[in-house]
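Below: one structure, written as structure tokens.
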Amino acid sequence: MYIVSFVFARSGSKGIKNKNLLKFKRTSLLGNSILQSKKSHYIKRTFVSTDSQKIILEAKKNKAEVPFVRPKNLAKDNTPEIFSWRHAVEFLDKKLNINPDYIVSLPTTSPLR
């Protein structure tokens, strides 16, 4: 069974600026999600979908894969998350030839999962 995870972290939060990069337990919220994914014995690869260069740097620092930059039209406040999912899955399939059995979502804003 082939399982991958995705962390969707866009820039431009209206409530708390750069919330995905805020520190939690000595790492960023983004880094925490990536580390939790990497601790899993089931998840084979960890991807981050973002439109932010700062988030890309933080993701790579935490050894996640960022194979694409999310288009700006998929990173707006009112963009349904399913559109970002669709974009990510199509990219995995068409560009990377990856067809996982399962995809796990690890939101940055749920650090106590």
Side-chain angles (χ1 to χ4, degrees):
M1 185 168 348
Y2 195 68
I3 302 172
V4 301
S5 71
F6 259 100
V7 181
F8 290 90
R10 68 179 182 85
S11 65
S13 172
K14 285 185 176 181
I16 301 172
K17 186 176 170 104
N18 294 318
K19 74 177 173 200
N20 295 310
L21 300 175
L22 292 177
K23 296 293 181 191
F24 176 80
K25 289 187 172 184
R26 295 182 294 256
T27 188
S28 65
L29 287 171
L30 175 69
N32 185 57
S33 290
I34 293 167
L35 293 173
Q36 288 180 356
S37 174
K38 295 212 166 274
K39 282 183 183 179
S40 170
H41 299 289
Y42 303 104
I43 297 172
K44 302 301 181 208
R45 294 172 79 173
T46 303
F47 298 97
V48 173
S49 171
T50 186
D51 62 319
S52 165
Q53 288 302 316
K54 286 182 183 179
I55 292 174
I56 289 172
L57 291 174
E58 182 71 11
K60 289 181 177 180
K61 176 179 141 187
N62 286 283
K63 301 192 178 15
E65 297 179 59
V66 189
F68 59 85
V69 177
R70 189 186 324 171
K72 290 289 185 190
N73 68 316
L74 296 178
K76 296 178 181 175
D77 279 348
N78 59 353
T79 304
E81 188 175 329
I82 190 67
F83 294 166
S84 297
W85 270 97
R86 201 174 290 153
H87 174 264
V89 170
E90 286 176 5
F91 190 92
L92 287 182
D93 181 34
K94 293 180 178 153
K95 302 288 185 185
L96 300 180
N97 200 28
I98 296 173
N99 295 294
D101 296 302
Y102 294 98
I103 300 174
V104 177
S105 175
L106 296 170
T108 60
T109 53
S110 299
L112 301 175
R113 68 179 65 79

Is there a path of hydrophobic side-chain contacts, each under 4.5 Å between heavy atoms of I, L, V, M, F, W or Y residues, that connects [X] with [Y]?
| X | Y | value |
| --- | --- | --- |
| Val7 | Ile16 | no |
| Val89 | Leu96 | yes |
| Leu74 | Leu30 | no |
| Met1 | Val4 | no |
| Ile98 | Ile103 | yes |

Residues at least two apart in sequence or cross-chain that pass ring pair (Phe, Tyr, Trp, His ring centres under 6.0 Å) with Phe6, listed by chain then number, are Phe8, Phe47
Rounded distance [0.5 Å steps], [atom1] in [X] versus [atom2] in [Y]:
| X | Y | atom1 | atom2 | result |
| --- | --- | --- | --- | --- |
| Thr50 | Glu58 | OG1 | CD | 11.5 Å |
| Lys38 | Arg45 | NZ | CZ | 9.5 Å |
| Gln53 | Ser11 | CD | OG | 10.0 Å |
| Lys25 | Leu35 | NZ | CG | 11.0 Å |
| Ser28 | Leu21 | OG | CG | 6.0 Å |
| Asn20 | Ser52 | CG | OG | 8.5 Å |

From the list Val66, Thr108, Leu106, side chain to side chain contact (heavy atoms under 4.5 Å, CB included) with Val48 holds only for Val66
Considering all heavy atoms, the nearest [X]-[Y] contact:
| X | Y | result |
| --- | --- | --- |
| Lys19 | Thr109 | CE-CG2, 3.9 Å |
| Val104 | Ile3 | CG2-CG2, 3.7 Å |
| Ser84 | Arg70 | OG-NH1, 3.5 Å |

More than 12 non-hydrogen atoms from neighbouring residues, nucleotides or ligands closer than 6.0 Å to [atom1] on [X], yes or no?
| X | atom1 | result |
| --- | --- | --- |
| Lys63 | NZ | no |
| Phe24 | CZ | yes |
| Lys23 | NZ | yes |
| Arg113 | CZ | yes |

Tell me whether Asp51 is salt-bridged to Lys72, with the criterion being a basic N under 4.0 Å from an acidic carboxylate O. yes
Here the side-chain hydrogen bond (donor to acceptor under 3.5 Å, both in side chains) pairs for residues 85-102, sequence neighbours left out, are Glu81-Trp85
